[in-house]
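Labels below follow one simple rule: chain letters A, B, ... track the order of the sequence lines, proteins then strands, and each chain is numbered from 1.
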Protein chains: 2
Amino acid sequence: MLKTTSKLLVGAALIAGLATTASAAKTYKWKLATTWGPTLSPFIDAPNNMAKMVEEMSDGRLQIRVDASNKHKSAFGILDMVKGGQYDMGHSASYYWKGKDINTLPFTTMPFGMTAPEQYAWFYHGGGLELMQKAYKKHKVLSFPGGNTGNQMGGWFRKEINSLEDLKGLKMRIPGFAGEVMAKLGLTVTNIAPGELYTSLERGTIDALEWVGPGMDITMGFHKIAPYYYTGWHEPATELQFLVNERSFKKLPKDLQQILLTAMKVSAYDMYIQNYDMSATAWSKIESDYPNIKIKTFPKEVMDAMKKANDELLVEKAEGNPLLKEVLDSQKAYQKKARKWTEMSDYLYLKDNL
Amino acid sequence: MLKTTSKLLVGAALIAGLATTASAAKTYKWKLATTWGPTLSPFIDAPNNMAKMVEEMSDGRLQIRVDASNKHKSAFGILDMVKGGQYDMGHSASYYWKGKDINTLPFTTMPFGMTAPEQYAWFYHGGGLELMQKAYKKHKVLSFPGGNTGNQMGGWFRKEINSLEDLKGLKMRIPGFAGEVMAKLGLTVTNIAPGELYTSLERGTIDALEWVGPGMDITMGFHKIAPYYYTGWHEPATELQFLVNERSFKKLPKDLQQILLTAMKVSAYDMYIQNYDMSATAWSKIESDYPNIKIKTFPKEVMDAMKKANDELLVEKAEGNPLLKEVLDSQKAYQKKARKWTEMSDYLYLKDNL
């Protein structure tokens, strides 16, 4: 099954399986719906850059209108709108619809999981992309990497977390598998659209939240309310996703399919690098410009409990779900292999060059 | 000057400055010369994949023939051939022609320099790409990232290196700025085309060499002659380069220019990920399949001497060369900024998750 999906859906082979003989001269006008607001860099830049590249490379034959969340008013309805055909494409994060289909969750990131280069290697050389198509097949939607945030920060808290007890009962915005982990540790966990995060924290709807990293977080102003800023454990390489309605894709001629695939791929990598730059720039000014932010690392007791809860949940959630088990096993095996090389190369090098 | 170059040559803006009104229907047949042999993965895959993407996206209107080194017999003559117009494009490593133009050297990698994501962020958001165009301007050649190897291993030695004394007098293949460092430490330094590396080591033309990392090195068989394999310090993120003859580029219509730029960019990122996978796979089998390879780290005395020599050479080489100084200063400043974020994100995360 995996092999058939793989042959049909990956890279250039994808085209051979799905292309039609539509005229090369025809102009295609597509719509893309994103979870993000119209100025939320770098997330919104990924679909905008993709659409611009597609238009330029196709000399205007494929035009993609990007609708931000203020237009369609459905930040978390992206999968449904692409599946239903209201939109040809979407740009969001796969773990936002874990309640509808948990099998799509792991393609964003996993707590204690792979770093960005490890995860891209898994997607493109370790079977990850094939598994992602397999998970989305029932929705008749194709899915591709849509931009990585790199290692995320562990979130903003009003008070210092000195023990597991300090976490219990907190209401926290934290999506994905990390949300499951935090729920197991006794937090009340929720997800909130990006545009409502600050107000929710200000009004006490939530006590704590994680968002992305310094490049995106500080402009949101969270530090004014919750100045304890924790280092990351839960989202080591958050990959956003492009979704493409399968019927729309099939209607494109081969050259436009290849243009679209290439533009999605490069804009995803580009967002990783853009966010690296934004985070580096913000971090370099954090001490001078925001002296009240308190950088913290979770104490060992808390980290150990998170790891234990994560391990237990991985077993629990995969029970009776062979596809989820296949995805999690594939990620685990690849991470084990890649992490040894990461240790010998970048980690050892950085240790001597900080 | 930098600002003007930047406006003309980067990203979409590049096109506006250089595009002509050539007919969109015309077919362009280009030739690309590489330093690499026809099967040298992943280096040769970067230009091959780029050419394939260009052909598919342009529906055959731009065709690029990739000539490996066995065809043109001039592994290190790539810049000259692209500059002279014998080839429209090249794929090589900028530091291979440091003897002709030292200003192009730093765009490959620098000892104790940036890691791959840091360096890509410098290229695309820290002024690196603009500086690379500035350095290549006198050659009337455009230059773009062409694929990263990630952190390279420090090389293969016949005997264990326990002191600076053990290095002195060794003949070693090591290119780039690291070669300058090793020469200062008393080694005789040379560069040798990839296809002649094994024979040179076997015949004693050289006593030691560095090549890339486990993914590429082990299939070369170096361990049979020189089993001491040292961890890296000298090439933390080796970026290959695509070179494009400026006149050839100007002749392309805008859409083909954009297709070419996008295909170069994505195939460069892709090579980084491909080599990550190759290295991870090779490393995971090194203990079981190659038990005689002895993994070592240079002793502190040697590392300290390398750092000192590197610092001195950076000052020395930049003296009286304002462009080189500008490039080195830009890299140093960006690295300082980005490394703090790398430490807080991936480094701290990896420390707890090895």
Does any backbone or side-chain atom of A/L260 lie under 4.5 Å from a heavy atom of chain B? Answer side chain, backbone, both or neither. neither
Are any non-hydrogen side-chain atoms of B/R339 and A/N353 less than 4.5 angstrom apart? yes
Could you state the interatomic distance from CG (B/D346) to CG (A/D346), rounded to the nearest 0.5 Å? 8.0 Å
Contact winner vs chain B - A/A237, A/S284, A/P236, heavy-atom pairs under 4.5 Å: A/P236
Are the side chains of B/M344 and A/I295 in touch, meaning some heavy atoms are under 4.5 Å apart? yes
Nearest 0.5 Å please: distance from the CD atom of B/E287 over to the NZ atom of A/K340. 7.0 Å
Test side-chain contact (heavy atoms from CB on, under 4.5 Å) on B/E56 and A/D255; report intermediate values, then the result. CA-CA 6 Å; B/E56 288 172 350; A/D255 59 338; over 6 Å; no
Go through the atoms of B/M303 and report whether side chain, backbone, both or neither lie under 4.5 Å from a heavy atom of chain A. side chain
Could you check whether atom NZ of B/K294 has more than 12 heavy atoms from other residues, nucleotides or ligands sitting under 6.0 Å from it? yes
Ranking A/S279, A/G60, A/G232 by heavy-atom pairs under 4.5 Å to chain B gives rank one to A/S279
Please flag which part of B/I259 lies under 4.5 Å from any non-hydrogen atom of chain A: side chain, backbone, both or neither. both
Which value, rounded to the nearest 0.5 Å, describes the distance between A/E118 atom CD and B/D277 atom CG? 11.5 Å
Given that the side chain runs from C-beta out, which part of B/F123 has a heavy atom under 4.5 Å from chain A: side chain, backbone, both or neither? neither
Heavy-atom pairs under 4.5 Å with chain B are the metric here; pick the option from A/Y120, A/F112, A/Y269 that has the most. A/Y269
Turns out that what part of B/K307 lies under 4.5 Å from chain A's heavy atoms comes down to side chain
Nearest 0.5 angstrom please: A/L256 CG to B/D59 CG, how far? 9.0 Å
Do you see a donor-acceptor pair shorter than 3.5 Å between the side chains of A/T281 and B/K337? yes
Top of A/W122, A/Y276, A/W341 for chain B proximity - count of heavy-atom pairs under 4.5 angstrom: A/W341
Atom OH in A/Y349, atom CE in B/M153: separation rounded to 0.5 Å? 14.5 Å
Top of A/P117, A/A121, A/S345, A/A338 for chain B proximity - count of heavy-atom pairs under 4.5 angstrom: A/P117
Report which part of B/W283 has an atom under 4.5 Å of a heavy atom belonging to chain A: side chain, backbone, both, or neither. side chain
Using a cut-off of 6.0 Å, state whether more than 12 heavy atoms not belonging to A/K285 lie near its atom NZ. no
Does any heavy atom of chain A fall under 4.5 Å from the side chain of B/T342, the backbone, both, or neither of them? both
Interatomic distance, A/Y347 atom OH to B/K351 atom NZ [nearest 0.5 angstrom]: 6.5 Å
At a heavy-atom separation under 4.5 Å, does B/I286 approach chain A through its side chain, its backbone, both, or neither? neither
Which bit of B/Q274 comes within less than 4.5 Å of chain A, counting heavy atoms only: side chain, backbone, both or neither? both
Heavy-atom pair count under 4.5 Å with chain B, highest-scoring of A/D270, A/D352, A/T231: A/D270
